[in-house]
Amino acid sequence: MSFSHLVHDISLRDSIAPRRRPEASIASTMDDRASRSSHVSRAISYASTAATSVSIAGDISSQLHGGYCHPLARAWQAERQLTKSMLIYPLFISDIDDEEVLIPSLPNQYRRGLNKLVPFLEPLVHKGLRSVVLFGVPMRPGAKDALGTSADDPNGPVIRSIQLLRQRFPQLFIVVDVCLCEYTNHGHCGILRDDGSLNNQLSVDRISDVAISYAKAGAHCVAPSDMNDGRIRAIKLKLIEEGIVHSVTLMSYAAKFSGCLYGPFRDAAGSTPSFGDRKCYQLPPGGRGLARRAIVRDINEGADIIMVKPAGQYLDIISDAKELGKDLPVAAYQVSGEFSMIHAAAKAGVFDLKAMAFESTEGILRAGATIIVSYFTPEFLDWLST
């Protein structure tokens, strides 16, 4: 019996009790009040005893609210808590040194030339920025060709920015995306055959050479995102041959899914394919088993870190990556489309931007990621400080 039902039952019994004689009514007023007070006390006592009995009769561990009744207690329930050291911030580096252009489809994100890079990063590094991932964006006429030859140009945006950042921010961990899509005139992630299909062997040879150029320029981590078969093994072998395998981290975009969430990134990087799509080398959205096979393959080929991309729609794949690579860090990239959707919904009043930025990121951590590539990084540096 609930407490409210018990009190109602007592009140009902009181209302139908025999009426007292008029001459006794005044004399009994104090007794009535005392009696009602006694009834309520007994009711409260009974309800308390009943609730305790129910808890004990069931399972005392069923009482959970006390474990998260306070904000700090709620934070302690997380297996992983977001920290600044988990964050990698994507940067789009133009080959026009003084360029600083807002990307309309990617809120608050810019394409910057070398001369704008240090002033932008200085306050972020001061706030605790630990890592960036660089994407080169050649804008000059003639910078793109069928082979992506400008990808490892010593005077190109990536190699020059690696050298600059190593000099100005010695403690900053520099990750470099390794792909040809930004540098090819067709926008695909490798070298093509005459029929327009991807030539995997030539692509892997080229991609691995570009990765080595970045590593020798000073990148702490090379991260091939092309999804060509065998590129992790090829890069690892060349790192060994160059004698630098001990000092360069190899992060694999092992489970990179095709889909419609990359649009704002392609606007920023100028990497939209001029024909066709990337479905034949990026994973199909429903291909969980295929993703698991790709993860296992890249682990066996020597990857130091496994990445899943996109993040929010593939939490099961992040969990799989953590299971399959128990001893490896797992990275997750909350891609441009995810970021832009959160901004658009917040602007429409669907939810608070900060609350959803945290909620979506904590979901990624809960799934198993220990590294987050996020466009929210500048905001997180502030939010995590307060």
Seminar exercise, completed: Scanning both residues in full, the closest heavy-atom pair of Ala217 with Gln163 reads O-CG, 3.9 Å
Problem set entry | Test log, rule side-chain contact (heavy atoms from CB on, under 4.5 Å), inputs Asp304 and Lys236 | CA-CA 10 Å; Asp304 299 303; Lys236 198 75 167 186; 3.3 Å; yes
Exercise. For the residue pair Tyr89 and Tyr375, is the inter-centroid distance of their aromatic rings smaller than 6.0 Å?
Worked result: no
For this session: Can you spot which of Val210, Thr249, Val178 makes a side chain to side chain contact (heavy atoms under 4.5 Å, CB included) with Val222?
Result: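 The option that passes is Val178.
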Exercise. Is it true that Glu122 and Arg168 make a salt bridge, defined as a side-chain N closer than 4.0 Å to a carboxylate O?
Worked result: yes
Exercise. Salt-bridged, Glu362 to Arg80, with N to O below 4.0 Å?
Worked result: no
Exercise. Is the CD atom of Glu323 crowded by more than 12 outside heavy atoms at less than 6.0 Å?
Worked result: yes
For this session: With sequence neighbours left out, write down each residue that passes side chain to side chain contact (heavy atoms under 4.5 Å, CB included) with His220, or none if nothing qualifies.
Result: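 Listed in chain order: Arg166, Phe173, Ile174.
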For this session: Enumerate the residue pairs fulfilling ring-ring contact (aromatic ring centres under 6.0 Å, His included) with a member in residues 124-166, sequence neighbours excluded, ordered by first and then second residue.
Result: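 Those involving residues 124-166 are Phe92-Phe135, Phe135-Phe265.
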Would you tell me whether [X] and [Y] have side-chain atoms, one donor and one acceptor, within less than 3.5 Å of each other?
| X | Y | answer |
| --- | --- | --- |
| Asp98 | Asn115 | yes |
| Tyr253 | Asp177 | yes |
| Gln282 | Ser258 | no |

Problem set entry | Name of the residue among Arg231, Arg293, Arg233 meeting side chain to side chain donor-acceptor pair (under 3.5 Å) with Asp298 |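 When Arg231, Arg293, Arg233 are each tested with Asp298, the side chain to side chain donor-acceptor pair (under 3.5 Å) holds only for Arg231.
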Exercise. For Ser208, does its backbone N or O pair with a side-chain atom of Lys238 as donor and acceptor, under 3.5 Å?
Worked result: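 Here the side-chain-to-backbone pair does not exist.
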